[in-house]
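Working notes, structure below.
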Amino acid sequence: MAIFLQLLFTGLGIGAIYALVALGFVLLIRAASVVNFAQGQFAMVGAYMLVVCLNVLGLPYLLSMAISVVLMAVFGVIFAGATYWPLRHRGGLPVIISTIGASIFLENIVLFLYGPSPEVLPGLFDSPGIQVGQVFMDSQYLSILVAATLLVVLQYFIFEKTLLGKKLQATSQDKEMASLLGIPVAAMILFTFSYSAMLGGIAGMLVAPVLFVSVGMGGLIALKAFAANIIGGYGSIPGAILGGLALGVAETMGAAYISVPYKDAFAFAMLLMFLAVRPQGLFGEKISEKA
Amino acid sequence: MSLLEIENLTARYSSGAGDVLKGIDVSVEEGEIVALLGANGAGKSTTLRAISGLVPHVGGSIKLGGVPLFGQGVEAIVRLGVAHVPEGRRVFPGLTVAENIMLGASNRTGLGRAEMMREVDEKFELFPDLVRLRDALGWTLSGGQLQMVAVARGLMAKPRVLLLDEPSLGLAPLIVQQVFKIVAEIRRRGTTVLLVEQNANVALSVADRGYVLETGRVLVSGKPEDLWKDPQVRAAYLGGHAIA
Ligand SMILES: Nc1ncnc2c1ncn2[C@@H]1O[C@H](COP(=O)(O)OP(=O)(O)O)[C@@H](O)[C@H]1O
Ligand SMILES: [Mg+2]
């Protein structure tokens, strides 16, 4: 039981990372009908921003994170301007191709600027963690869980309790109607890109001390986030969160109880199982509700 | 000068072959209800969409209170005072009735959520049937309820002219009567309405003037009683909808 709880804690921590990336992915699908294949690279870019602030500029940890988050928000707008804006009237496929191109570009530009050697980042806290009953709560995993929870609560507040949130929802449900009401649709979409890049970037910063920071780190994270979306229900916001958490727990348990080398295979086995048995995912939504 | 002045309007869709509108002239005076009639495909919706800036290729001119609308963005045109209640109602399915109506005020700058919601509550006075549906989501509503929400949402813009596209479409006769009672009441309270309808009977019962469109041209225009008298119009367009 102790081991199980320990694994559950770790699995939720890593699952929260997938959930944050998946959440950014879903928001773009809903707001702009964009399937962003560079969502994982948002995490990579965020992690490298933190590396530069901490290791190169030598800034304090929290300040480094704050700067990186702001930079990610700006980065999201630039990303939208480059990949989405020129193609926005051309339908979904051109934009998908353009985000795939952007993902390759981002990996190579970071490789060019920073070099290939992976970086190791310290955790947010000096303390290794705390013992709660039978579970040792690693401080970085704890930070991940607390930060992810705060972000989900913040997002719920923005979307459900503010006028901006209602305008964002209207935009995601019917763009032409939204603009007929005078809602600045372009601004809503840019905001979503910015917010989505921020979520991805924060996920990258949070996971950096747990994994190595490397140019290729985004690819696997994106695949897991995509699987989380299918498992949770394509285009569903609660689905992205629960799908991410479920995936993190499943692969952590699978690695511990079955096989470590096949850790990543569990995510995809779970994805295939859902596609075969319950393709609409945990929170299968009617297409009309996210039109 | 008319409030809304459409001159020699042509319109074409990128995907389509030729002009859908072939030079139409329509004017709407302050305080009027003007009906735009005609068979399916005549170009009625395209006319409204051109006013709102939704049709990419247009010619001629459209002026609201003397201000040319061509070249302005969709959102800018709403801010100038054009509220468009489109075909199919387009109520946001995942938002509540109150939220849908509230967002109708998005064209008015400097309004907060609380102020908008206060106005929504005032709007319910005109739409008593919606009160109990305040927190119902859009996708749960019936056709008549959707139409009421769409009209209420349009009024939240405090428009200089309200464009209504086929409000009667798909509604039971009794509900159509209710909707048009509200249209008449809206005008009584001072809002100018440009009304698109296939259902000529019911449209001409509230309108001050009407235009009959046929394949992108104005066939005939005038007061309802004159339109009724025109034998050509009667035969071709109005007869088909005798007794709504
Ligand atoms: N998005 C579009 N693309 C191409 N053709 C269109 C489009 N919308 C309407 N049309 C064509 O324009 C003509 C007029 O349509 P519309 O204005 O919707 O007519 P009405 O509202 O009077 O029924 C029709 O022949 C229709 O097929
Ligand atoms: Mg029409």
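Because only heavy atoms are used, hydrogens play no part in the values below, and waters and symmetry mates are left out as well, while side chains stay in. Sequence lines set the chain letters: A, B, ... in the order given, protein chains first and strands last, and positions in each chain run from 1. None of these values were measured; they are calculated from a predicted model.
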- Query: Does B:Gly94 offer a backbone N or O that forms a donor-acceptor pair with the side chain of A:Gln173 under 3.5 Å?
  - Reply: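 Yes, the answer is positive, given that a donor and an acceptor are paired below the 3.5 Å cut-off.
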- Message: Testing the basics here: between B:Leu95 and A:Gln169, what is the closest heavy-atom pair and its distance to 0.1 Å?
- Response: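 In this case the closest contact between B:Leu95 and A:Gln169 is CD2-OE1, 2.9 Å.
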- Query: Where is the tightest heavy-atom contact between B:Arg113 and A:Leu163, given as atom of each residue plus distance?
  - Reply: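 Reported closest heavy-atom pair: CD-N, 3.8 Å.
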- Message: If we define contacts as heavy-atom pairs under 4.5 Å, which of B:Ser106, B:Ala83, B:Pro86, B:Ala105 has the most with chain A?
- Response: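 Among B:Ser106, B:Ala83, B:Pro86, B:Ala105, the one with the most close pairs to chain A is B:Ser106.
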- Which one, B:Val78, B:Val74, B:Val91, B:Ile77, leads in non-hydrogen pairs under 4.5 Å with chain A?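 Ranked by contacts with chain A, first place is B:Val78.
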- Task: Starting at CD of A:Glu176, measure out to CZ of B:Arg90 and round the result to the nearest 0.5 Å.
- Result: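 So the CD of A:Glu176 and the CZ of B:Arg90 are separated by 4.5 Å.
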- Applying a criterion of heavy atom separation less than 4.5 Å, what residues of residues 48-56 of chain B form contacts with chain A?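 Counting heavy atoms that sit under 4.5 Å from chain A, the residues of residues 48-56 of chain B involved are B:Arg49, B:Ser52, B:Leu54.
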- Check the surroundings of atom CZ in B:Arg189: do more than 12 heavy atoms from other residues, nucleotides or ligands lie under 6.0 Å from it?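 Yes, CZ of B:Arg189 has more than 12 neighbouring heavy atoms, counting only those of other groups under 6.0 Å.
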- Over 12 foreign heavy atoms within 6.0 Å of OH, B:Tyr13: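 Counting other residues, nucleotides and ligands, OH of B:Tyr13 exceeds 12 neighbours.
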- Item | Contacting region of B:Leu163 [heavy-atom separation from chain A under 4.5 Å] |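 Answer is neither: B:Leu163 stays 4.5 Å or more from chain A.
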- Side chain, backbone, both or neither of B:Met102 within contact of chain A (heavy atoms, under 4.5 Å):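 Answer is side chain: those atoms of B:Met102 sit under 4.5 Å from chain A.
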- Query: By number, which residues in residues 177-202 of chain A have some heavy atom less than 4.5 Å away from chain B?
  - Reply: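 Within residues 177-202 of chain A, the residues that come under 4.5 Å of chain B (heavy atoms only) are A:Met177, A:Ala178, A:Ser179, A:Leu180, A:Leu181, A:Gly182, A:Ile183, A:Pro184, A:Val185.
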- With the side chain counted from C-beta on, respond yes when A:Lys167 and B:Leu103 share a heavy-atom pair under 4.5 Å apart, and no when they do not.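 When only atoms from C-beta onward are counted, B:Leu103 and A:Lys167 do touch, with a gap below 4.5 Å.
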